[in-house]
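Just so it is clear, the values below take in all heavy atoms, side chains as well, and ignore hydrogens, waters and symmetry mates. Both ligands and their constituent atoms are indexed starting at 1 by order of listing.
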Amino acid sequence: MAIKRNKITVVGAGFTGATTALMLAQKELGNVVLLDIPQLENPTKGKALDMLQASPVQKFDAQITGTSSYDDAADSDIVIITAGIARKPGMSRDDLVNTNAGIVRSVCENVKRVAPESIVIILSNPVDAMTYVAYQALGFPKNRVIGQSGVLDTARYCTFIAQELNVSVEDVRGFVLGGHGDDMVPLVRYSSVGGIPIDSLIPAERIADIVQRTRTGGGEIVSLLGNGSAYYAPAASLVQMTEAILKDKKRIIPVIAFLEGEYGYDNLFMGVPALLGADGIEKVFELELTAEEKAALDKSADSVKAVTAIIGS
Ligand SMILES: NC(=O)c1ccc[n+]([C@@H]2O[C@H](COP(=O)([O-])OP(=O)(O)OC[C@H]3O[C@@H](n4cnc5c(N)ncnc54)[C@H](O)[C@@H]3O)[C@@H](O)[C@H]2O)c1
Ligand SMILES: O=C(O)C[C@H](O)C(=O)O
């Protein structure tokens with residue numbers, strides 16, 4: 001008899017998708033289906049088989065299947081969408097909007113057919129707008145359509161704070177609100193190390209540098225890689241979100257959620273702190289913001305609205 005495990009489909013078997021699939025299996029979060037286009041069926045199968053053959057060495061029990069058929073994704077608990085093109089040096093994420101909207105829409109039509117009860121996490125960029133595209137194409141309730149940006153942006157922010165102070169990343173807390181673009185809003189007032197507010201540990205001008213480096217953190221890696229974008233930290237971020245849902249952990253982490261009045265925005269997907277559990281987004285938290293923080297968030301929301309309007313919200 002087959003062992004009963006969660007089923008997680010990762011659509012797009014490129015850098016982020018393949019890395020995510022391996023990390024999910026290594027954490028034994030479920031059986032993983034890695035899916036790409038028919039033209040890449042053999043390489044996708046090859047990647048999955050190669051990962052599976054790491055399992056006796058690393059001692060994880062999870063099936064990993066490579067495919068181009070949505071039948072293999074049937075009844076998935078979670079579907080992670082990484083399908084689409086990545087930006088190259090000199091491009092903005094928004095330059096990808098038209099190409100990736102078409103890809104995300106077609107992927108979601110298949111997901112809706114084979115996994116109508118799934119919770120869907122979107123990574124493809126520009127991710128706030130792509131989460132909107134997915135929401136429209138899937139027709140799922142808003143709690144089951146979630147975009148990934150805040151975990152990654154917060155991870156970058158916390159990395160830079162830990163480096164600045166030469167302390168363990170484990171003790172750094174903080175988060176980033178807003179759209180996944182260069183005007184995202186790292187919330188300094190809510191950031192601490194070992195419970196100590198960062199503005200009493202780091203001089204203001206260095207905090208400003210950290211905020212700016214966080215905002216352009218994706219672009220920094222795009223420039224260094226030369227041909228493609230980040231994938232290790234994005235994959236780790238997707239895995240954290242998946243684990244929170246599958247284990248019903250009720251974690252409070254920043255994710256891209258559908259806003260209907262929260263923070264004064266309506267009919268918009270954007271990054272906010274949320275409770276993640278078995279039902280997906282179980283609650284969105286509205287924080288008290290200073291006038292300066294709200295102005296920064298409004299600027300970021302305006303950017304998200306502009307790119308979302310291109311694909312027709
Ligand atoms: N939201 C974030 O924080 C974040 C982080 C990293 C990357 N991204 C985005 O994720 C996307 C993927 O990045 P990557 O580095 O994995 O790119 P990649 O080029 O390595 O992989 C993308 C994969 O998608 C596949 N694909 C294209 N159309 C498809 C379709 N219709 N069905 C199934 N698969 C399809 C491609 O064949 C390719 O294998 C990009 O848009 C990138 O900008 C977002
Ligand atoms: O920067 C990119 O284009 C990829 C991703 O959104 C990231 O932040 O690493």
Side-chain angles (χ1 to χ4, degrees), residues 9-22 33-48 66-70 72-73 79-111 121-131 133-134 137 146-157 159 176 179-182 184 213-241 254-256 269-271 304 307:
T9 293
V10 180
V11 185
F15 285 112
T16 58
T19 310
T20 303
L22 180 61
V33 175
L34 185 60
L35 191 153
D36 210 294
I37 53 176
Q39 298 89 315
L40 293 178
E41 184 172 85
N42 277 342
T44 305
K45 285 185 166 163
K47 285 183 191 183
T67 186
S68 67
S69 166
Y70 279 90
D72 292 318
V79 177
I80 297 172
I81 300 177
T82 75
I85 54 169
R87 64 174 161 155
K88 295 190 164 50
M91 291 172 77
S92 112
R93 296 177 182 92
D94 294 355
D95 295 335
L96 313 171
V97 64
N98 287 317
T99 304
N100 284 354
I103 292 172
V104 169
R105 207 171 281 126
S106 79
V107 168
C108 288
E109 279 156 12
N110 284 297
V111 171
I121 306 175
I122 294 93
L123 188 80
S124 316
N125 268 322
V127 65
D128 303 276
M130 291 306 105
T131 310
V133 169
I146 312 169
Q148 189 307 116
S149 66
V151 179
L152 173 65
D153 297 329
T154 301
R156 289 183 173 141
Y157 180 56
T159 302
V176 177
H180 187 51
D182 293 356
M184 66 180 73
R213 192 173 175 198
T214 301
R215 287 181 160 153
T216 55
E220 180 178 1
I221 292 182
V222 168
S223 300
L224 290 167
L225 292 178
N227 186 22
S229 53
Y231 48 102
Y232 294 114
S237 305
L238 290 168
V239 171
Q240 184 184 83
M241 292 168 70
V255 301
I256 298 168
F269 271 96
M270 198 176 70
V304 175
V307 67

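Contact annotation: the side chain of V307 never approaches that of D128 to less than 4.5 Å [non-hydrogen atoms, C-beta and beyond]. Side-chain contact between Y70 and V11 is present, with heavy atoms from C-beta onward closer than 4.5 Å. Contact annotation: the side chain of N227 approaches that of K88 to within less than 4.5 Å [non-hydrogen atoms, C-beta and beyond]. Two residues are said to be in side-chain contact when any heavy atoms from C-beta on lie closer than 4.5 Å; S124 and I103 fail this criterion. With contacts defined as side-chain heavy-atom distances shorter than 4.5 Å, the pair H180/V304 does not qualify. Under the 4.5 Å side-chain criterion, counting only non-hydrogen atoms from C-beta, P126 is in contact with L96.
With respect to atom 13 (O) of ligand 1, the closest heavy atom belonging to the protein is T16 OG1, 3.7 Å. Ranking protein heavy atoms by distance to atom 21 (O) of ligand 1, first place goes to G14 CA, 3.2 Å. At the shortest separation from atom 44 (C) of ligand 1 among protein heavy atoms lies L123 O, 2.9 Å. Shortest contact from atom 27 (C) of ligand 1 to any protein heavy atom: G84 N, 3.8 Å. Atom 6 (O) of ligand 2 has its closest protein heavy atom at H180 NE2, 2.6 Å. In this structure, the protein non-hydrogen atom closest to atom 9 (O) of ligand 2 is R156 NH2, 2.7 Å. Ranking protein heavy atoms by distance to atom 41 (O) of ligand 1, first place goes to I85 O, 2.7 Å. Ranking protein heavy atoms by distance to atom 6 (C) of ligand 1, first place goes to A230 O, 3.5 Å. The closest protein non-hydrogen atom to atom 30 (C) of ligand 1 is I37 CG2, 3.5 Å. Of the protein's heavy atoms, T82 O, 3.0 Å lies nearest to atom 12 (C) of ligand 1.
Listed by number with element, the atoms of ligand 1 under 4.0 Å from a non-hydrogen atom of L152 are 3 (O). Annotation for ligand 2: atoms under 4.0 Å from non-hydrogen atoms of A230 are 9 (O). Counting atoms of ligand 1 from 1 in the listed order, those under 4.0 Å from a heavy atom of I103 are 28 (N), 29 (C), 30 (C), 31 (N). Here is the list of ligand 1 atoms found below 4.0 Å of a heavy atom in A83: 24 (O), 26 (N), 29 (C), 33 (C), 34 (N), 35 (C). When each atom of ligand 2 is checked for a heavy atom of S229 under 4.0 Å away, the hits are 2 (C), 3 (O), 4 (C). Of all the atoms in ligand 2, the ones that sit under 4.0 Å from a non-hydrogen atom of G218 are 1 (O), 7 (C), 8 (O), 9 (O). Which parts of ligand 1 touch P234 is read off a 4.0 Å heavy-atom cut-off, strictly below it: atoms 5 (C), 6 (C). Here is the list of ligand 1 atoms found below 4.0 Å of a heavy atom in N100: 41 (O). Close approach to V11 involves these atoms of ligand 1, each under 4.0 Å from a residue heavy atom: 33 (C). Residue R87 has at least one heavy-atom neighbour below 4.0 Å for each of these atoms of ligand 2: 1 (O), 2 (C), 3 (O). Counting the atoms of ligand 1 from 1 in the order shown, those under 4.0 Å from a heavy atom of V127 are 1 (N). With ligand atoms numbered from 1 in the order given, ligand 1 contributes 37 (O) to contacts under 4.0 Å with heavy atoms of L40.
Contact annotation: S124 has at least one heavy atom less than 4.0 Å from an atom of ligand 1. Residue contacts with ligand 2 do not include I221, since none of its heavy atoms lies under 4.0 Å from the ligand.
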| query | Taking it one step at a time, do I81 and C108 satisfy side-chain contact (heavy atoms from CB on, under 4.5 Å)? | reply | CA-CA 9 Å; I81 300 177; C108 288; 3.6 Å; yes
Take I121 and L238 through the test side-chain contact (heavy atoms from CB on, under 4.5 Å) and record every step on the way to the result.
-> CA-CA 8 Å; I121 306 175; L238 290 168; 3.7 Å; yes
Discussion item. Determine whether T44 and D36 satisfy the following criterion, side chain to side chain donor-acceptor pair (under 3.5 Å), listing intermediate values before the conclusion.
Written reply: CA-CA 7 Å; T44 305; D36 210 294; 4.7 Å; no
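Here the side chain of T9 pairs no donor or acceptor atom with the backbone of V79 at under 3.5 angstrom. In this structure, the side chain of N110 engages the main chain of S106 through a donor-acceptor pair within 3.5 Å. Remark: side-chain polar atoms of R87 are not paired, donor with acceptor, to backbone N or O of S92 under 3.5 angstrom. Panel note: side chain T16, backbone A235; no donor-acceptor pair is recorded below 3.5 Å. Judged by distance alone, with hydrogens and angles left aside, the side-chain atoms of T131 form no donor-acceptor pair with the main-chain N or O of I122 at under 3.5 Å. Within the 3.5 Å criterion, the main-chain N or O of A13 finds a donor-acceptor partner in the side chain of K47.
For a threshold of 3.5 Å applied to N or O pairs, the pair formed by N125 and ligand 1 contains at least one separation below that value. For ligand 1, the polar-atom distance check against D36 finds a nitrogen or oxygen pair separated by under 3.5 Å. Considering backbone and side-chain atoms alike, R87 places every N or O at 3.5 Å or more from each N or O of ligand 1. Between L35 and ligand 1, a contact under 3.5 Å exists for no N or O pair. Looking at ligand 2, you'll find an N or O of R93 within less than 3.5 Å of one of its N or O atoms.
Here the closest non-hydrogen pair linking M91 and D95 is CA-OD2, 3.5 Å.
Of all the heavy atoms of Q148, the ones lying under 4.0 Å from any atom of ligand 1 are found in both the backbone and the side chain. With a heavy-atom cut-off of 4.0 Å, S237 does not touch ligand 1 at all. Contacts with ligand 2 closer than 4.0 Å are made by side-chain heavy atoms of L152 only, the backbone lying farther away.
Salt bridge E41/K45: present, at least one basic N to carboxylate O contact under 4.0 Å.
The structure places OG1 of T214 at 10.5 Å from CG of L152, a figure rounded to the nearest 0.5 Å.
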